Amino acid sequence: FSFNTNVLNFYEEDEEGNKTYTEFKDGEHVIMGGIISEFKRLATKSGQTMAFVKVEDLYGQIETIIFPKVFDNSKEYLNVEDVVKISGKLQLKDGIPQIIADGVEPLEVKVDETPVNQEQEYMGLIIPDDKLDNRDDILDILTSYEGNIPVIIAMKGKKYNANCAVRKCEGLLAELKNYVSDQDIIFFKKKS
């Protein structure tokens, strides 16, 4: 899409508090995707129906005005919680950005149907007796490589949960090898 609400965070403000947006121009044509978070239907003076819709994406929300002709062509997609693709013209009204819609259509959300792997990867770390004094240094290394692989430490014949999770990378392995040997670092999987 050519637009998301993150661009609304980039502006310059004068002493009166007026904002000049730097990432888009008033009147620019945009296409955005988002979820409808608010919907307000109104009747025009001629009795036609139009709507004010707030569309939310990952960064924020923007008000979208849907005039009668566009409303008639898209009213079945204009429900709170519907995911839509909106095209239209960006307009600054009293310094507040909004989209004047020229098209609204449903946005297909693809769901990843890949079966979830039920095996969790773990890292086993054996700390030899002669390296027990370096235990705190080793824990500092582990916590500086935060990730999603839980660590189990073996020392003095017992296993302990290190209460941290790491990411598997060369930096982590290189730093650990200052204290333990290759065969003391084991990555394994087990069913969760």
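These numbers come from a predicted model, not from an experiment. When reading the values below, keep in mind they use all heavy atoms of this one structure, side chains included, and skip hydrogens, waters and symmetry mates.
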Nearest atoms (heavy-atom pairs only) where Met32 meets Val55: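 Shortest heavy-atom separation between Met32 and Val55 comes out as CE-CG1, 3.9 Å.
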Neighbour count above 12 (heavy atom, 6.0 Å) for Glu13 CD: yes
Donor-acceptor pair, side chain of Ser74 and main chain of Val104, under 3.5 angstrom: no
Side chain Ser2, main chain Ile31, donor-acceptor under 3.5 Å: yes
Polar contact flag, side-chain donor to acceptor under 3.5 angstrom, Gln61-Ser37: yes
Name of the residue among Lys168, Lys189, Arg167, Lys190 meeting salt bridge (Lys or Arg N to Asp or Glu O under 4.0 Å) with Glu121: Lys168
Pair Lys54-Ile62, side chain to side chain contact (heavy atoms under 4.5 Å, CB included): steps then yes or no: CA-CA 6 Å; Lys54 284 214 171 112; Ile62 189 166; over 6 Å; no
Pairs meeting criterion ring pair (Phe, Tyr, Trp, His ring centres under 6.0 Å) with involvement of residues 22-51, two or more places apart: Tyr21-Phe24
Co-members of the apolar cluster containing Val180 [side chain, <4.5 Å]: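 Listed partners: Met123, Leu125, Ile127, Leu132, Ile138, Leu139, Ile141, Leu142, Tyr145, Ile149, Val151, Ile153, Met155, Tyr160, Val166, Leu172, Leu173, Leu176, Tyr179, Ile185, Phe187.
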Side chain to side chain donor-acceptor pair (under 3.5 Å): pairs with one or both residues in residues 38-48, sequence neighbours excluded: Thr44-Ser46, Ser46-Gln48
Criterion side chain to side chain contact (heavy atoms under 4.5 Å, CB included) on Ile65 and Met50, from CA distance to verdict: CA-CA 8 Å; Ile65 299 168; Met50 63 175 287; 3.7 Å; yes
Selection residues 137-160 - residue pairs positive for salt bridge (charged side-chain N to carboxylate O under 4.0 Å, His left out), sequence neighbours left out: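 Applying salt bridge (charged side-chain N to carboxylate O under 4.0 Å, His left out) to every pair that reaches into residues 137-160, excluding sequence neighbours, yields nothing.
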Residue pairs fulfilling salt bridge (charged side-chain N to carboxylate O under 4.0 Å, His left out) with at least one residue in residues 64-74, sequence neighbours excluded: none
Roughly how far apart are [X] [atom1] and [Y] [atom2], rounded to 0.5 Å?
X	Y	atom1	atom2	answer
Ile86	Phe3	CD1	CZ	11.0 Å
Asn6	Tyr59	CG	OH	5.5 Å
Ile99	Thr5	CD1	OG1	9.5 Å

NZ or CZ of Lys85 within 45° of Phe1 ring axis and under 6.0 Å: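 Not flagged: Lys85 not positioned over aromatic ring of Phe1.
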Residue list, salt bridge (Lys or Arg N to Asp or Glu O under 4.0 Å) with Lys19, at least two apart or on another chain: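 Salt bridge (Lys or Arg N to Asp or Glu O under 4.0 Å) list for Lys19, sorted by chain: empty.
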